[in-house]
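Heads up: the structure comes next, in structure tokens.
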Amino acid sequence: MGNPIAMSADLSKTAYDHLWMHFTRMSSYENAPVPTIVRGEGTYIYDDKGRKYLDGLAGLFVVQAGHGRQELAEVAAKQAAELAFFPVWSYAHPKAVELAERLANLAPGDLNKVFFTTGGGEAVETAWKLAKQYHKLTGNHTKYKVISRAVAYHGTPQGALSITGLPALKAPFEPLVPGAHKVPNTNIYRAPIHGDDPEAFGRWAADQIEQQILFEGPETVAAVFLEPVQNAGGCFPPPPGYFQRVREICDQYDVLLVSDEVICAFGRLGHVFACDKFGYVPDIITCAKGMTSGYSPIGAAIVSDRIAEPFYKGGNTFLHGYTFGGHPVSAAVALANLDIFERERLNQHVLDQEPAFLRTLQKLHDLPIVGDVRGNGFFYGIELVKDKATKESFTDEESERILYGFVSKKLFEYGLYCRADDRGDPVIQLSPPLISDQSTFDEIEQIIRQVLTEAWTKI
């Protein structure tokens with residue numbers, strides 16, 4: 001045998017040459033180093049130069065229990081040694097069964113059937129396909145359309161991308177799956193009506209869903225997809241009564257309500273499932289990211305007994321699946337991760353600490369560039385403006401120059417990994433690990449304050 005191929009000593013150059021990074025403008029690294037993260041511990045990550053950064057995004061809304069959890073790594077190794085892989089295509093294995101039961105017990109209402117995927121986009125794709133087939137099996141053959149919100153992100157598969165409300169993300173891949181329609185989101189900071197009355201605004205926003213159903217024809221609409229707190233655009237929480245009204249509308253027109261909790265589930269808002277926090281029971285929950293705290297990939301669509309019932313009769317089959325859905329190692333890690341949640345009371349920790357996190361971020365309101373601070377739990381967005389009084393936003397050129405060219409780079413340079421984004425309006429998004437405390441909040445606020453103070457001089 002020949003000598004094994006040696007790994008290049010220059011990880012950054014090798015990354016540029018061979019690693020096609022996701023959602024990345026690759027040309028930006030042609031003559032610049034690729035940030036390379038080699039280690040994590042608690043709420044911090046470390047790069048290949050030994051520099052330390054606060055992980056203000058929990059990786060990608062994922063690392064709930066924090067980095068460096070040895071017990072999760074050990075559980076993965078133990079399971080891989082025992083049964084590394086077997087599919088759940090007409091067969092079961094113990095960890096998938098145990099995790100499905102545990103999720104069913106944690107989910108609200110009669111959401112007792114768990115269909116495993118390997119990630120969030122696949123869970124959303126699963127939910128739309130399932131909604132279409134459910135209506136066909138129950139005699140409603142023309143129900144196939146879905147309604148979601150403007151600016152909302154629901155994933156990258158063709159169906160999930162169609163549900164996504166970000167035109168710039170979709171344009172390169174059109175034509176997409178037909179039948180996906182959009183309604184206004186719940187950004188009260190930029191509300192076109194009732195901006196001074198959250199309850200009235202919530203009623204108005206929910207009623208836009210009914211109007212869209214009626215416009216398309218109730219006999220054609222299969223499902224509504226909503227995040228409990230919308231991510232893209234910068235963390236839009238639901239106004240009071242919003243989801244209760246949406247639930248009424250879906251029931252009235254025989255439309256499934258899908259709670260897309262890929263980000264919001266598993267403690268991000270202080271509950272296992274965020275729908276519990278806002279007092280509604282969906283027909284399907286899509287979830288992923290935080291289920292394992294990122295130590296192994298897994299996702300799921302958790303489905304109500306009512307929706308699953310026709311699939312459990314006669315020769316009916318849901319002709320859908322993923323090779324690695326319900327992977328034994330991932331399922332074992334998810335179970336151990338949920339054990340940590342219970343043992344360390346992580347959900348309660350988020351509920352106890354969220355007022356302090358919000359108060360700390362609200363200190364930034366004294367900066368002229370900060371227009372709004374919004375969110376819930378450990379999930380917040382800071383919207384940047386040119387003029388606080390008029391809420392004037394950045395131009396495209398200013399977003400490119402200030403948000404991406406300066407703010408994003410400086411936050412990382414000063415030791416904070418988070419997200420600066422202008423899908424919608426320019427925002428900084430924060431989603432730290434659930435083990436964070438006041439010292440974490442203070443560090444986040446101080447770094448953001450320093451960067452935004454400098455950014456204001458560049459407008």
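No hydrogens, no waters, no symmetry mates; every other heavy atom, side chains included, goes into these values. Everything numeric in this text was worked out from a predicted model, so none of it was measured.
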| query | For Lys277 and Glu354, what are the C-alpha separation, side-chain angles and deciding distance, and is it a salt bridge (charged side-chain N to carboxylate O under 4.0 Å, His left out)? | reply | CA-CA 13 Å; Lys277 189 167 194 178; Glu354 66 174 331; 3.1 Å; yes

| said: Please evaluate residues Gln450 and Thr453 with respect to the criterion side-chain hydrogen bond (donor to acceptor under 3.5 Å, both in side chains), reporting the C-alpha separation (whole Å), side-chain torsions for both, the decisive distance (0.1 Å), and the verdict. | reply: CA-CA 5 Å; Gln450 184 178 359; Thr453 299; over 6 Å; no

| task | Please report the C-alpha distance between Glu454 and Tyr414 in whole Å, then the side-chain angles of each, then the deciding distance to 0.1 Å, and finally whether the side-chain hydrogen bond (donor to acceptor under 3.5 Å, both in side chains) criterion is met. | result | CA-CA 12 Å; Glu454 293 179 30; Tyr414 290 174; 2.9 Å; yes

| said: The test is salt bridge (charged side-chain N to carboxylate O under 4.0 Å, His left out); show your working for Arg69 and Glu344 and say whether it passes. | reply: CA-CA 13 Å; Arg69 290 279 188 164; Glu344 299 184 10; 2.7 Å; yes

| request: Decide salt bridge (charged side-chain N to carboxylate O under 4.0 Å, His left out) for Glu397 and Arg401; before the verdict, give the C-alpha distance in whole Å, the side-chain angles of both, and the deciding distance to 0.1 Å. | output: CA-CA 6 Å; Glu397 182 276 331; Arg401 178 170 53 86; 2.7 Å; yes

| task | Show your reasoning for whether salt bridge (charged side-chain N to carboxylate O under 4.0 Å, His left out) applies to Asp339 and Arg102. | result | CA-CA 11 Å; Asp339 288 343; Arg102 192 155 178 184; 2.8 Å; yes

| task | Let me see the working for Leu226 and Arg149 under side chain to side chain contact (heavy atoms under 4.5 Å, CB included), right down to the final yes or no. | result | CA-CA 7 Å; Leu226 303 172; Arg149 295 185 292 208; 3.6 Å; yes

| request: Assess whether side-chain hydrogen bond (donor to acceptor under 3.5 Å, both in side chains) is satisfied between Asp442 and Gln446, documenting all intermediate values. | output: CA-CA 6 Å; Asp442 288 339; Gln446 288 158 14; 5.2 Å; no

| request: Carefully, step by step, assess Cys235 and Gln429 under the rule side chain to side chain contact (heavy atoms under 4.5 Å, CB included). | output: CA-CA 8 Å; Cys235 301; Gln429 285 183 290; 4.2 Å; yes

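With no hydrogens or angles considered, no side-chain donor-acceptor pair links Tyr29 and Thr24 at under 3.5 Å. Of the N and O atoms on the side chains of Tyr144 and Gln133, not one donor lies less than 3.5 Å from an acceptor on the other residue. Inspection of the Glu248 and Gln244 side chains reveals no N or O donor paired with an N or O acceptor under 3.5 Å. A donor atom on one side chain and an acceptor atom on the other are not found under 3.5 Å apart for Glu342 and Asn347. A donor and an acceptor atom, one from each side chain of Asp55 and Thr43, are nowhere located under 3.5 Å apart. Residues Tyr404 and Asp422 have side chains that bring a donor and an acceptor to within less than 3.5 angstrom of each other. Neither side chain, Tyr153 nor Glu227, offers a donor N or O lying under 3.5 Å from an acceptor on the other.
Ile209 CD1 to Arg245 CZ: the interatomic distance, rounded to the nearest 0.5 Å, is 9.5 Å. Going from atom CG of Leu72 over to atom OG of Ser293 covers 6.5 Å, rounded to the nearest 0.5 Å. Between Lys145 atom NZ and Glu216 atom CD the span is 4.0 Å, to the nearest 0.5 Å. The line from CG of Asp425 to CG of Asp372 is 10.0 Å long, rounded to the nearest 0.5 Å.
Ion pairing between a basic and an acidic side chain is recognised when a charged N comes within 4.0 Å of a carboxylate O; Arg203 and Asp207 show such pairing.
Contact annotation: the side chain of Tyr189 never approaches that of Phe236 to less than 4.5 Å [non-hydrogen atoms, C-beta and beyond]. Inter-residue side-chain proximity for Gln230 and Asn187 is flagged as unmet; no heavy-atom pair is nearer than 4.5 Å. The shortest distance between side-chain heavy atoms of Glu400 and Asp396 does not fall below 4.5 Å. Side-chain contact between Thr220 and Lys143 is absent, with no heavy atoms from C-beta onward closer than 4.5 Å. Put simply, the side chain of Pro228 does not reach to within 4.5 Å of the side chain of Pro238, judged on heavy atoms. Val38 is not listed as a side-chain neighbour of Asp47, based on a closest heavy-atom distance of 4.5 Å or more. You'll find the side chain of Asp283 stays beyond 4.5 Å of the side chain of Val303, heavy atoms only.
Shown here is Arg25, whose CZ atom has no more than 12 heavy atoms of other residues, nucleotides or ligands within 6.0 Å. Annotation for Lys388: atom NZ counts as buried by contact number, over 12 foreign heavy atoms lying within 6.0 Å. More than 12 heavy atoms of other shown residues, nucleotides or ligands fall within 6.0 angstrom of atom CZ in Arg306.
Both the sub-6.0 Å distance and the 45° axial angle are not jointly satisfied by Arg268 relative to the ring of Phe61. Geometrically, Lys52 engages Tyr44 in a cation-pi contact, judged by NZ or CZ lying under 6.0 Å from the ring centre and within 45° of the ring axis. Taking the centre and axis of the six-membered ring of Trp456, the NZ or CZ atom of Lys458 falls outside the cone set by 45° and 6.0 Å. Relative to the ring axis of Phe394, Lys386 does not place its NZ or CZ within 45° and under 6.0 Å from the centre.
The two atoms that bring Gln64 and Ala58 nearest to each other are OE1-CB, 4.5 Å, heavy atoms only. Looking at every heavy atom in both residues, Pro218 comes nearest to Leu214 through CG-CD2, 4.2 Å. Minimum interatomic distance between Leu111 and Pro282 (heavy atoms only, all atoms of both residues): CD1-O, 3.2 Å. Among all heavy-atom pairs drawn from Val62 and Leu60, the shortest one is CG2-O, 3.0 Å.
Each of Asp260, Thr286, Thr164 was scored for a side-chain hydrogen bond (donor to acceptor under 3.5 Å, both in side chains) with His154, with one residue passing: Asp260. Of the candidates Val124, Val183, Ile163, Val224, Ile163 is the only one forming a side chain to side chain contact (heavy atoms under 4.5 Å, CB included) with Ser148. When Leu430, Ile263, Val350 are each tested for a side chain to side chain contact (heavy atoms under 4.5 Å, CB included) with Phe379, only one passes: Ile263.
Arg374 places no side-chain N or O within 3.5 Å of a backbone atom of Ile382 that could act as its donor or acceptor partner. For Thr14 (side chain) and Ser12 (main-chain N/O), no donor-acceptor pair under 3.5 Å exists by modelled atom type. Glu125 places a side-chain N or O within donor-acceptor distance of the main-chain N or O of Gly159, the cut-off being under 3.5 Å. In this structure a side-chain-to-backbone donor-acceptor pair under 3.5 Å is missing from Ser436 to Thr440.
A distance of 6.0 Å or more separates the ring centres of Phe201 and Tyr242. Aromatic pair Phe441/Phe357: ring centres closer than 6.0 Å. A ring-centre distance under 6.0 Å is not found for His18 and Tyr16.
Under the 30°/60° scheme for interplanar angles, the aromatic rings of His327 and Phe324 are found to be tilted.
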